[in-house]
Amino acid sequence: MPFSRFHPEATPAARVGLGLAAVGRPGYINLGRARDLPADRTREALRDRTHQLLDAAHARGVRYVDAARSYGRAEEFLGAWLRDRPDAAGDMVVGSKWGYTYTADWRSDAETHEVKDHGAATFDRQYAESRALLGDRLDLYQIHSVTLESPALTDPEVLGRLARLAASGVSVGLSTSGPAQAAAIRAALEVTVDGRPLFRTVQSTFNVLETSAGPALAQAHAAGLAVIVKEAMANGRLAADTAPPALRRIAAQTGTGPDAVALAAVLHQPWAGVVLSGAATVEQLDGNLAAATLKLDETPRAALAALAEPPAAYWRQRSALPWQ
């Protein structure tokens, strides 16, 4: 089924999606994982946590869920939930990604957690794996973390495979990372196969600290692509006590948490289709969902805009976050 069946305007909560990066594997770079997850992060414990989050998300109106081959067992956990809860599953639109291979063997202290490859052989292997776990519930398949150097934007073998996937009814998208996201987005907008634009969605990092992709995402939206925003919480830098003082002040004034304010700032962007929550607990999810109905006037939005960092500095700090 194509991503086009997703309607984020249906309810306020539908503009918030659930990303599974934080709960599909024991190690990740988000701050506060020792507090958010059980000390014994077994497969069973994280499967149960993932299912709790999916149950809560669906009950509250969330209708998009985002996984990836490199998110440990996220696709496995999601696939089991889709099979076990068919009534709820029918409402959910499912996206996943290929291009990174999970290599940590369920360890938080692994030397290497994932390996990137955007070649045709990796697509063939990972698409087969995704289909084995998600079946025909896969609505959107995205290239994971495209940069200008990615061969996925120019390799005719990869582009041909993606075009055939799109023709089969699965929407094709890409995600971006790094200080040159804007250039990668604009390059992707130029990719066509047989005269037709290939990509239907773009997923990028955008938050009050890292806004450099904004103009390119507006351009993608104007070209008809659905825009998905990831890392709107800056991997935990905008949550609770780690949030900048200005963000905490606005949260106090609005009677919400810093997370809701940070997400609301992104939802106010006219090009933002769906903004992912990376919640690891149901309590965090509820706090994130408060953003869906939070209105920010020009004064707090200007204060938040002043928090933006140079892209190179932001991504240096992100790359220094430890896996934990």
Side-chain angles (χ1 to χ4, degrees), residues 2-4 6 8 14-22 24 28-30 62-71 74-75 78 92-100 114 116 118 123 126 130 134 138-148 150 152-153 162 165-166 170-189 191 197-207 210-235 263 266-267 269 271-279 288 311 314-315 318:
F3 184 80
S4 59
F6 176 57
R15 292 195 64 207
V16 178
L18 179 64
L20 301 181
Y28 190 48
I29 62 173
N30 280 1
V62 173
R63 292 296 180 264
Y64 176 70
V65 59
D66 192 84
R69 289 300 307 135
S70 62
Y71 294 172
E75 286 185 333
L78 173 58
M92 295 296 264
V93 175
V94 175
S96 196
K97 310 181 202 72
W98 71 276
Y100 274 91
E114 53 192 17
K116 183 177 183 179
H118 285 167
F123 171 82
Q126 294 198 315
S130 294
L134 298 171
L138 182 62
D139 300 297
L140 169 66
Y141 211 42
Q142 305 155 94
I143 312 171
H144 202 164
S145 292
V146 169
T147 64
L148 276 178
S150 172
L153 295 180
L162 293 175
L165 180 62
V170 177
S171 296
V172 170
L174 73 153
S175 74
T176 65
S177 294
Q181 287 189 108
I185 294 165
R186 292 187 172 106
L189 292 177
V191 174
L198 177 61
F199 299 112
R200 304 311 308 153
T201 72
V202 58
Q203 180 178 149
S204 298
T205 295
F206 183 92
N207 55 62
E210 215 305 45
T211 61
S212 63
L217 291 172
Q219 186 177 345
H221 172 73
L225 277 69
V227 175
I228 304 169
V229 175
K230 63 185 175 75
E231 298 183 351
M233 296 295 300
N235 300 106
L263 290 166
V266 181
L267 287 167
Q269 301 299 321
W271 42 258
V274 60
V275 178
L276 296 179
S277 163
N288 291 177
Y314 175 89
W315 289 98
R318 186 191 184 280

Residues in salt bridge (Lys or Arg N to Asp or Glu O under 4.0 Å) contact with Arg318, at least two apart in sequence or another chain: Glu231

Salt bridge (Lys or Arg N to Asp or Glu O under 4.0 Å) involving Arg69 - partner list, sequence neighbours excluded: Glu75, Glu129

Verdict with supporting geometry, Leu225 and Leu189, side-chain contact (heavy atoms from CB on, under 4.5 Å): CA-CA 9 Å; Leu225 277 69; Leu189 292 177; 3.8 Å; yes

Tyr314: partners by ring pair (Phe, Tyr, Trp, His ring centres under 6.0 Å), with sequence neighbours left out: none

Arg200 side chain to Leu140 backbone, donor-acceptor under 3.5 Å: no

Atom of Ala187, atom of Leu153 and distance for their closest heavy-atom approach: CB-CD1, 4.1 Å

Validation row: Met92, Asp139 side chains within 4.5 angstrom (heavy atoms): no

Residues that Ala216 engages under side-chain contact (heavy atoms from CB on, under 4.5 Å), provided they are two or more places apart: Ala182, Ile185, Arg186

Residues forming a side-chain contact (heavy atoms from CB on, under 4.5 Å) with Ala152, sequence neighbours excluded: His118, Ile143, Ser150, Val158

Gap between atom CG of Asn235 and atom OG1 of Thr205 - 0.5 Å precision: 7.5 Å

Residue pair Tyr141, Ser171: steps toward the side-chain contact (heavy atoms from CB on, under 4.5 Å) verdict: CA-CA 6 Å; Tyr141 211 42; Ser171 296; over 6 Å; no

From Tyr71 atom OH to Leu20 atom CG, the distance as rounded to the nearest 0.5 Å: 8.5 Å

Counterpart residues, ring pair (Phe, Tyr, Trp, His ring centres under 6.0 Å), relative to Trp271 (two or more places apart): Phe206

Value rounded to 0.5 Å, distance of OG in Ser204 from CG in Leu217: 4.5 Å

Polar side-chain atom of Glu114 near backbone of Lys116 as donor-acceptor pair, under 3.5 Å: no

Close side-chain approach of Leu276 and Lys230, heavy atoms under 4.5 Å: yes

